[in-house]
Amino acid sequence: MFISKNKHIFAMDKNNVPVAHLDLPCKLTFETLDCFSEQINCVQDTLETLNFEQVNPATGPVFLKGIQSGDVIAVNVKDIRVKSPGKMVAAPGAGILGNLIEKPETLIVPIEDKIVSFKELKLPLAPMIGVIGVAPTLEPIPCGTPGTHGGNMDNTLIKPGSTLFLPVQVEGALFALGDLHAVMGDGEIMVSGVEVSGEVDVTIDKVNDLQIKNPLVKTDKEIACIVSAPTLDEAIETATIEMAEFLTQYTSLSINEAGMLMSACGNAQICQIVDPLKTARFTMPLNVLKELGITIA
Ligand code: CA
Ligand code: ZN
């Protein structure tokens, strides 16, 4: 099924009207607007000229039949096709270097044959999904904010071939995604990656035998617990604790052993440090988890 970019939301909200009701497993293509809702078309369209009520759209939401609060869904990202050109911005006050930026600037970034042209520099295309999640139980959460429901995690591991596991909070999940990046560095320090419109192919299914409080992503190399919190310290600490709990729950490792193993071969990493909450992940190599007998979908 094809979900048009015209069907989009600006907040993950249990009261959003679903654009489709789907039986699981399902195969979907989401067409997405870029994070500026395609308001940037030339270098004169700088950050302060934008209507901020239209920033960070997510396509959807879709209602997944038979899914209840407390369930976990697996979203397998099959393919991401990005549309050229990408856009980047710099603006006073925006991002980690905001205080050093004196004038706003927009960069239009052509993309062709898996190459992202940053002026004369050629960067390899590495498409990923910035915003992806489900509706929260309580108040609506703007699509620009990450959390236990997913949202604006800006995690470079959410890419083709990856499977994202999301804890569902409301009946039907109300799943949506958007904010594609042609390439983005960990941290997203200027508040934008190479922002692009595009299309994402996913399959979604229900997962049994997995209990998680926060999103978890599996790539071909690693599994990562993803946590968002008011500070990066808190996000990293909680992601580390989540991984330790995951290991002690699904293997026979003691907390001491799990901790030492994580300290030996796990990585505390940054997703983004510029959104209303900061997002961190703790990764463990997939081959180590396989040797421990952990196999998740
Ligand atoms: Ca984002
Ligand atoms: Zn973005």
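In listed order, ligands and their atoms are each counted from 1.
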Review point. Is any side-chain heavy atom of Met88 closer than 4.5 Å to a side-chain heavy atom of Ser192?
Key: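 The answer is yes; the side chains approach within 4.5 Å.
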Check your understanding: Do Cys225 and Asn214 have side chains that get closer than 4.5 Å, going by heavy atoms?
Key ->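 Cys225 vs Asn214: side chains apart.
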If the cut-off is 3.0 Å, does any N/O/S atom of [X] fall short of it from the Ca ion (ligand 1)?
{"X": "Asp275", "answer": "no"}
{"X": "Asn152", "answer": "yes"}
{"X": "Glu188", "answer": "no"}

Check your understanding: Which atom, among the N/O/S set of Asp179, is closest to the Zn ion (ligand 2)?
Key ->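 Closest to the Zn ion (ligand 2) among those atoms: OD1.
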Check your understanding: Glu195: which N/O/S atom is nearest the Zn ion (ligand 2)?
Key ->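 Restricting Glu195 to its N, O and S atoms, the minimum distance to the Zn ion (ligand 2) goes to OE1.
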Check your understanding: Taking atom types as modelled and ignoring hydrogens, do the side chains of Gln169 and Thr148 form a donor-acceptor contact shorter than 3.5 angstrom?
Key ->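 Side chains of Gln169 and Thr148: pair found under 3.5 Å.
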Review point. Hey, what do you get for CG (Leu164) to CD1 (Ile226), rounding to the nearest 0.5 Å?
Key: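 The CD1 atom of Ile226 is 5.5 Å from CG of Leu164, to the nearest 0.5 Å.
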Check your understanding: Mind checking whether the Zn ion (ligand 2) has an N, O or S of Cys35 under 2.8 Å?
Key ->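 Of the N, O and S atoms in Cys35, none lies under 2.8 Å from the Zn ion (ligand 2), which means no.
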Check your understanding: What closest approach, in Å, do Ile80 and Pro127 show between heavy atoms, and which atom pair accounts for it?
Key ->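 So the minimum-distance heavy-atom pair works out to CG2-CB, 3.7 Å.
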Check your understanding: OD1 (Asp154) to the Ca ion (ligand 1) to OD2 (Asp179): angle, nearest 10 degrees?
Key ->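 Output for this angle: 90°, rounded to tens.
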**Study point:** Ring center gap for Phe30 and Phe175 short of 6.0 angstrom
**Key:**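 Judged by ring-centre distance (under 6.0 Å), Phe30 and Phe175 do meet the cut-off.
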